[in-house]
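Atoms considered below: every heavy atom in the structure, side chains included; atoms not considered: hydrogens, waters and symmetry mates. A, B, ... follow the sequence lines: proteins, then strands. Residue 1 opens every chain. In this text, all values refer to a predicted model and were calculated from it rather than measured experimentally.
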Amino acid sequence: MSGRVLPRTFYADPSLRVARRLLGKLLVHETADGPTSGRIVEVEAYRGPADRAAHSFGGRRSARNEAMYGPPGHAYVYFIYGIHFCMNVVCREPDVPEAVLLRALEPVAGIAVMRARRALADAPEWRLCRGPGALCRAMGITRAENNADLCRGALRILDAPDVPARDVARTPRIGVDYAGADAARPWRFAVRSSWAVSGRRLR
DNA sequence: TGTCCGATTGGT
DNA sequence: CCAATCGGACAG
């Protein structure tokens, strides 16, 4: 599992740009269970105080979303529906709360470990990291990884070839119908050719 | 302190 | 379509 760790400057940009560029990169997590990794194939940009769908909408700041206000290149992990965790990558400089939600990966390494963690009988590989909650479960990402530095440590993102524009789809974000006009903005990015992408089939 | 509901998932 | 399951956000 080699490859350069993405430098902090990669994340010090608007979430829309970071989201697009994150496609194709490799998320790695080394735990006591063993290493797991996957290629990022679906993400969503959350754009800060002006974005009704963002946890930082209106400048909301609390213990839960504090990581969003921290330096770029860190994880923002939150607990949702009493069951699942979701992982975001924090963007931009401190006090500018933008982030990118990781929604799906193509499993690359540690597939047996992922399958064991998912506790889904005979889960096919393409299902292991499909969806933000599923991805965290398979990768062993929980509350403990909130605020983790992605540039050094057990949870990190490695550089890998960019996905060409013709293979990238843009759609509205999923599960944010409450966000009014912002619900329709095309801030979800997904790799068309990937079988691991969540939701409805892309074109 | 009490109520409401979510950036989800998997099974019916 | 719906239950699972809990803690954040906000009203009072």
Side-chain angles (χ1 to χ4, degrees), chain A residues 11 14-20 22-23 27 38 40-70 74-92 96-107 114-148 150 169-190 195-202:
Chain A
Y11 305 102
S15 59
L16 260 184
R17 174 174 317 188
V18 175
R20 166 65 181 86
L22 229 25
L23 293 178
L27 178 68
I40 298 169
V41 294
E42 182 186 351
V43 297
E44 284 175 357
Y46 284 84
R47 305 192 69 195
D51 178 1
R52 295 197 93 82
H55 289 170
S56 54
F57 173 64
R60 283 196 301 259
R61 183 170 183 163
S62 66
R64 176 174 72 145
N65 70 355
E66 186 59 27
M68 289 186 83
Y69 289 83
H74 288 248
Y76 163 41
V77 180
Y78 66 90
F79 188 53
I80 189 70
Y81 292 112
I83 304 178
H84 309 287
F85 290 98
C86 292
M87 174 183 166
N88 289 255
V89 170
V90 175
C91 304
R92 301 205 48 172
V96 181
E98 297 191 22
V100 175
L101 172 70
L102 302 186
R103 290 195 57 92
L105 312 175
E106 279 178 359
M114 291 184 184
R115 199 165 265 131
R117 284 177 178 147
R118 295 277 280 123
L120 245 188
D122 300 319
E125 194 171 315
W126 57 268
R127 269 189 146 248
L128 293 174
C129 300
R130 192 190 213 227
L135 169 170
C136 283
R137 182 88 187 268
M139 292 290 292
I141 295 165
T142 69
R143 210 183 296 292
E145 279 65 45
N146 185 41
N147 217 30
L150 302 174
R170 287 186 63 159
T171 81
R173 295 171 294 182
I174 294 178
V176 297
D177 294 344
Y178 59 84
D182 290 330
R185 317 245 181 249
W187 293 343
R188 168 173 176 252
F189 297 81
W195 290 8
V197 171
S198 74
R200 221 174 114 203
R201 296 286 299 270
L202 300 162

For A:F85, give me all partners under side chain to side chain contact (heavy atoms under 4.5 Å, CB included), at least two apart in sequence or on another chain. A:V77, A:F79, A:C136, A:T142, A:R143
Roughly, in whole Å, what's the span from CD in A:E42 to P in B:dT8? 10 Å
Under the rule for side chain to side chain donor-acceptor pair (under 3.5 Å), what residues qualify as partners of A:R61, not counting sequence neighbours? A:E66, A:D95
May I ask you to say what A:Y81 touches in the nucleic acid, namely base, sugar-phosphate or nothing, with a heavy-atom cut-off under 4.0 Å? base
Rounded distance (Å) that lies between atom P of B:dG6 and atom CD1 of A:I80: 8 Å
Which distance, rounded to the nearest 0.5 Å, do you find between the CG of A:L22 and the OG of A:S15? 11.0 Å
Name all pairs fulfilling the salt bridge (Lys or Arg N to Asp or Glu O under 4.0 Å) condition that reach into residues 132-142 of chain A, sequence neighbours left out, sorted by first residue then second. none
Nearest-angstrom distance from the residue atom CZ of A:F85 to C1' of C:dT5: 12 Å
By salt bridge (charged side-chain N to carboxylate O under 4.0 Å, His left out), which residues pair with A:E106, not counting sequence neighbours? A:R39
Let me know the distance between CG of A:N146 and P of B:dA7, rounded to the nearest Å. 16 Å
A:R52: which residues meet the side chain to side chain contact (heavy atoms under 4.5 Å, CB included) condition with it, sequence neighbours left out? A:F57, A:A179, A:D182
Whole angstrom value for the distance that separates P of C:dC6 from OH of A:Y78: 18 Å
Expected rows: protein N/O vs nucleotides 10-12 of chain B N/O, under 3.5 Å:
from: B:dG10; atom 1: OP1; to: A:R118; atom 2: NH1; distance (Å): 2.7
from: B:dG10; atom 1: OP1; to: A:R118; atom 2: NH2; distance (Å): 3.0

Whole angstrom value for the distance that separates P of B:dT9 from CD1 of A:I174: 9 Å
Side-chain contact check for A:Y76: nearest option of C:dG7, B:dA7, B:dT9 is B:dA7
Mind checking if A:G82 touches a base, just sugar-phosphate, or nothing, with heavy atoms under 4.0 Å? base
Enclosure of A:R60 CZ (heavy-atom neighbours >12, cutoff 6.0 Å): yes
Test of understanding: with side chain to side chain donor-acceptor pair (under 3.5 Å), list the residues that count as partners of A:R47, not counting sequence neighbours. none
All salt bridge (charged side-chain N to carboxylate O under 4.0 Å, His left out) counterparts of A:R117, not counting sequence neighbours: A:D33
Residues two or more places apart in sequence or in another chain: which of them pass salt bridge (charged side-chain N to carboxylate O under 4.0 Å, His left out) with A:E125? none
Using a cut-off of under 3.5 Å, enumerate the N/O to N/O pairs linking the protein to nucleotides 8-12 of chain C.
from: C:dG8; atom 1: O3'; to: A:R64; atom 2: NE; distance (Å): 3.4
from: C:dA9; atom 1: OP1; to: A:S62; atom 2: OG; distance (Å): 3.1
from: C:dA9; atom 1: OP2; to: A:S62; atom 2: OG; distance (Å): 2.8

Taking CZ from A:R47 and C1' from B:dA7, how many angstroms apart are they, rounded to a whole number? 16 Å
Taking C:dT5 as the reference, what is the distance to B:dT12 when you measure between their P atoms (whole Å, please)? 15 Å
Counting heavy atoms from C-beta on, name the nucleotide in C:dG7, B:dA7, C:dA4 closest to the side chain of A:I83. C:dA4
For A:L23 against A:E42, the heavy-atom pair lying closest together: CD2-N, 3.8 Å
Of B:dT8, C:dC6, B:dA7, the nucleotide closest to the side chain of A:H84 is B:dT8
Who are the salt bridge (charged side-chain N to carboxylate O under 4.0 Å, His left out) partners of A:R127, not counting sequence neighbours? none
Run through DNA chain C and report every stem of 3 or more consecutive Watson-Crick or G-U pairs, distances under 3.5 Å, ordered by first number. B:1-6 with C:6-11, B:8-11 with C:1-4
Taking only the C1' atom of each, what is the distance from C:dG7 to B:dG10 in whole angstrom? 22 Å
Which nucleotide, B:dT9, B:dA7, C:dT5, lies nearest any side-chain atom of A:Y46? B:dA7
Given the P atoms of C:dC1 and B:dG6, what is the spacing between them in whole Å? 16 Å
